[in-house]
Amino acid sequence: MIITVTPNPAIDKIYWIERLALDDGELPVMRATRSYLTAGGKGINVSIFLARMGIENIAMGFIAGETGRAVERRVRDEGITTSFIWVEGETRTNVTLLERGHEQRPIQITEQGPPIPPEAIKRFLTQYKRAVSRARYVFLGGSLPPGVPETFYQELTHLAQQRHVPVIVNAAGKALMHALPEKPWLVKPDTRQGTDVAGASLKTSQEIVEVGREWVAQGIEAVLVSHHITHDLLITREGAWDLEARDVQFKNLLGAEDALIAGTLSAMVQGASLLEATRFGMAAATASAESEELVVTDRMAIERVLPKIHIEQL
Amino acid sequence: MKVKEIMTKDLTAAEPSMTVRELIELFYRSGLSSVPVVNEEGRIVGIISERDIIEGALPGYFEVLYGITDMNHLSQKLREIEHDRIEFYMTPEVITIEEDEDDLTAADLMIRKNVKSLPVVNKDGVFVGMLRRIDLLKDLL
């Protein structure tokens with residue numbers, strides 16, 4: 001059993017448009033050629049991927065209102081076990097515009113999410129402690145809604161480590177920085193909003209490897225960092241590797257990072273080494289980036305992309 | 001079909017130390033009207049419903065009154081118990097079913113015991129989901 005935690009789930013609405021026509025007349029209207037609606041948030045995307053790979057998992061987090069109900073229903077329809085805490089307000093709706101020819105630069109409008117009161121956090125921790133004793137891995141990912149302390153991932157990592165359950169953290173800013181001293185099993189810094197993460201610069205591959213080695217020396221098992229869209233750098237005690245996806249035809253980058261982690265985790269659960277698992281994860285990310293789907297979960301489609309993933313030891 | 005294949009995979013539950021007010025908030029936000037009560041290990045120690053709360057506030061209400069004449073009275077009684085732990089109002093004897101049981105056994109149990117839903121447990125007795133009448137009906141179609 002794997003636990004995924006999404007503190008700030010969302011309904012993700014994606015519109016494909018021909019042209020971003022903000023300068024067309026006084027009241028520009030952009031007609032979508034296609035739209036797509038899904039339950040989202042990092043942990044939920046990972047949960048959906050795992051469920052479609054036949055891996056049992058529990059999705060945890062905070063949900064509210066009608067959008068929360070829609071998130072819960074969609075997650076449950078995937079066969080995922082839900083363990084959400086209900087709060088007052090409304091779960092986020094995040095809107096993304098994908099302009100034809102500019103799919104690498106999606107335009108996103110994200111909401112903050114409902115405020116989470118202290119008693120809801122307390123209830124979450126009670127449910128988390130119950131669930132984590134049965135878990136094989138824990139995935140923590142995404143932004144924190146208002147009211148959730150920056151030490152949230154630190155506390156969840158600590159509770160899992162106490163029970164010897166490996167934790168994957170995919171976050172940015174102080175949420176990640178606080179979690180690092182708890183030595184998660186795998187850290188994937190979220191570099192979407194910038195390459196300065198948790199007090200470290202992750203701009204060049206050299207910087208990434210240096211920071212990764214530093215974190216690994218502090219007791220983190222593995223560090224995985226996306227670099228220049230088509231590269232992922234994996235740093236462990238055994239070494240550092242540059243995984244590159246070649247000849248990628250981008251259509252939708254939105255779920256690629258979540259596919260990377262979910263693919264890696266699913267391959268690990270099925271017995272692959274971390275390096276091989278990361279290669280599978282990167283194939284999942286590449287397949288997702290080449291598809292209009294948020295996250296590609298068709299194993300055959302992912303395996304077809306595997307030859308595009310090249311590994312170089314650094 | 002096994003119960004685990006058709007159950008609602010939701011772990012929403014209460015803890016014995018939860019207050020009546022917190023439980024009402026949980027029912028209101030989630031839309032549920034009853035939840036299992038579980039201990040720290042996730043084992044079921046009771047079940048509690050909206051009805052248990054009303055009976056807790058107005059003991060004997062369902063048997064005697066069959067009609068409410070004064071909302072203030074109920075409101076006042078609810079306020080008197082709002083900080084009480086729900087373990088005082090839950091039903092400690094819970095009919096459960098194991099996840100590996102088949103749908104026929106579950107349906108038979110629900111009919112014989114006249115219950116709308118059954119908490120589902122794994123072989124270790126840990127709560128893993130709820131089997132509702134509608135889950136069975138959907139399974140039958």
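Just so you know, these numbers use all the heavy atoms, side chains as well, and skip hydrogens, waters and symmetry mates. Proteins come first, then strands; the chains are lettered A, B, ... in the order of their sequence lines, and each starts at number 1.
Judged by distance alone, with hydrogens and angles left aside, the side-chain atoms of Arg29(B) form no donor-acceptor pair with the main-chain N or O of Gly65(A) at under 3.5 Å.
Between Asp10(B) and Ser83(A) the shortest heavy-atom distance is OD1-N, 4.3 Å. The heavy-atom pair separating Arg130(A) from Ala13(B) by the smallest distance is NH2-CB, 4.1 Å.
Within the 4.5 angstrom heavy-atom criterion, only side-chain atoms of Glu15(B), from C-beta onward, approach chain A. Asn39(B) touches chain A through its backbone: at least one of N, CA, C or O sits under 4.5 Å from a heavy atom, while the side chain does not. No part of Ser133(A) comes within reach of chain B, as not one of its non-hydrogen atoms sits under 4.5 angstrom from that chain. Heavy-atom distances place no part of Met7(B) under 4.5 Å from chain A, backbone and side chain included. Residue Glu72(A) touches chain B through its side chain alone, counting heavy-atom pairs closer than 4.5 Å. When heavy atoms are compared at a cutoff of 4.5 Å, Val75(A) does not approach chain B at all. Only the side chain of Ile58(A) comes within contact range of chain B, judged by heavy atoms closer than 4.5 Å.
Among the candidates Glu22(B), Met18(B), Glu25(B), the single residue satisfying the side-chain contact (heavy atoms from CB on, under 4.5 Å) test with Arg123(A) is Met18(B).
Few gaps surround CD on Glu303(A); more than 12 heavy atoms of other groups in view lie less than 6.0 Å from it. No more than 12 heavy atoms of other residues, nucleotides or ligands sit less than 6.0 Å from atom CD of Glu56(A). Heavy-atom neighbours of Arg21(B) CZ from other residues, nucleotides or ligands within 6.0 Å: at or below the threshold of 12. Arg79(B) CZ: 12 or fewer foreign heavy atoms inside a 6.0 Å radius. For Glu80(B), the CD atom is densely surrounded, since the number of other residues' heavy atoms within 6.0 Å is greater than 12.
Here the side chains of Arg134(A) and Asp124(B) are not in contact, with every heavy-atom distance at 4.5 Å or above. Two residues are said to be in side-chain contact when any heavy atoms from C-beta on lie closer than 4.5 Å; Thr81(A) and Leu11(B) meet this criterion.
The greatest number of non-hydrogen atom pairs below 4.5 Å with chain B, out of Glu119(A), Arg69(A), Lys129(A), is found for Arg69(A).
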